[in-house]
A.B. asks: 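Please read through the structure below; I'll follow up with questions.
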Amino acid sequence: MTVLSVTALTIKPDRYEDFLATTKKTKSILEKCGAKNVRLIVGMSGQSSGSFVLTHEADDFTDAGRITDKFLADPEGLAVTMESGTEGGPTVSWQPSTWVEIEL
């Protein structure tokens, strides 16, 4: 059962390049922690137009928890998390959620 971590992000005006740099760093840390298929997705039409979503996958809930634990135990992972949504960071807000794939 694939478990997906999905984080919706709102970035500050004129901070796109900073946002990309932070997200590339986040991807590297997540992969080091065992996350699979780390992707940044942007909505191109409809209500989601201009919305950013960062996703990554884990094999199951145990694996997802292990990835989160490793990420938050990593000094760089913790620093990225603590910067999110602050005055100095490139994001206004972030909203994480967990999804489970239903195989068809």
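Keep in mind that this is a model prediction, so the values were computed, not measured.
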A.B. asks: Which pairs of donor and acceptor atoms, one on a side chain in residues 25-34, lie under 3.5 Å apart (sequence neighbours left out)?
C.D. replies:
residue : atom : partner : partner atom : Å
T26     : OG1  : T22     : O            : 2.9
K32     : NZ   : D74     : OD2          : 2.7

A.B. asks: When rounded to the nearest 0.5 angstrom, what distance separates OG1 in T91 from CD1 in I11?
C.D. replies: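 Going from OG1 on T91 over to CD1 on I11, the span is 9.0 Å.
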A.B. asks: Going by side-chain heavy atoms closer than 4.5 Å, which hydrophobic residues are tied to V3, directly or by a chain of links?
C.D. replies: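 In the cluster with V3 are M1, F61, V100.
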A.B. asks: Restricting to side-chain hydrogen bond (donor to acceptor under 3.5 Å, both in side chains), what partner residues turn up for E101, sequence neighbours left out?
C.D. replies: T2
A.B. asks: Take atom NZ of K24 as the centre, draw a 6.0 Å sphere, and report whether it contains more than 12 heavy atoms from other residues, nucleotides or ligands.
C.D. replies: no
A.B. asks: Which ILVMFWY residues are connected to L104, directly or by a chain of links, through side-chain heavy atoms under 4.5 Å apart?
C.D. replies: none
A.B. asks: Can you name the residues that form a side chain to side chain contact (heavy atoms under 4.5 Å, CB included) with T23, not counting sequence neighbours?
C.D. replies: F19, L40, L54
A.B. asks: Just jot down the side chain to side chain contact (heavy atoms under 4.5 Å, CB included) partners of S97, sequence neighbours excluded, or say none.
C.D. replies: V6, W99
A.B. asks: Does F71 have any ring-ring contact (aromatic ring centres under 6.0 Å, His included) partners at least two apart in sequence or in another chain, and if so, which?
C.D. replies: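 ring-ring contact (aromatic ring centres under 6.0 Å, His included) list for F71, sorted by chain: empty.
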A.B. asks: Carefully, step by step, assess W94 and F52 under the rule side-chain contact (heavy atoms from CB on, under 4.5 Å).
C.D. replies: CA-CA 10 Å; W94 53 284; F52 292 88; over 6 Å; no
A.B. asks: With sequence neighbours excluded, give me every side chain to side chain donor-acceptor pair (under 3.5 Å) pair touching residues 48-62.
C.D. replies: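 Pairs touching residues 48-62 that pass the test: K36-D59, N37-E57, R39-E57.
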A.B. asks: Just do the side-chain contact (heavy atoms from CB on, under 4.5 Å) check on E83 and V80 with the steps written out, would you?
C.D. replies: CA-CA 5 Å; E83 180 188 48; V80 166; 5.5 Å; no
A.B. asks: Minimum heavy-atom separation for A58 and I67, please, with both atom names.
C.D. replies: CB-CD1, 3.8 Å
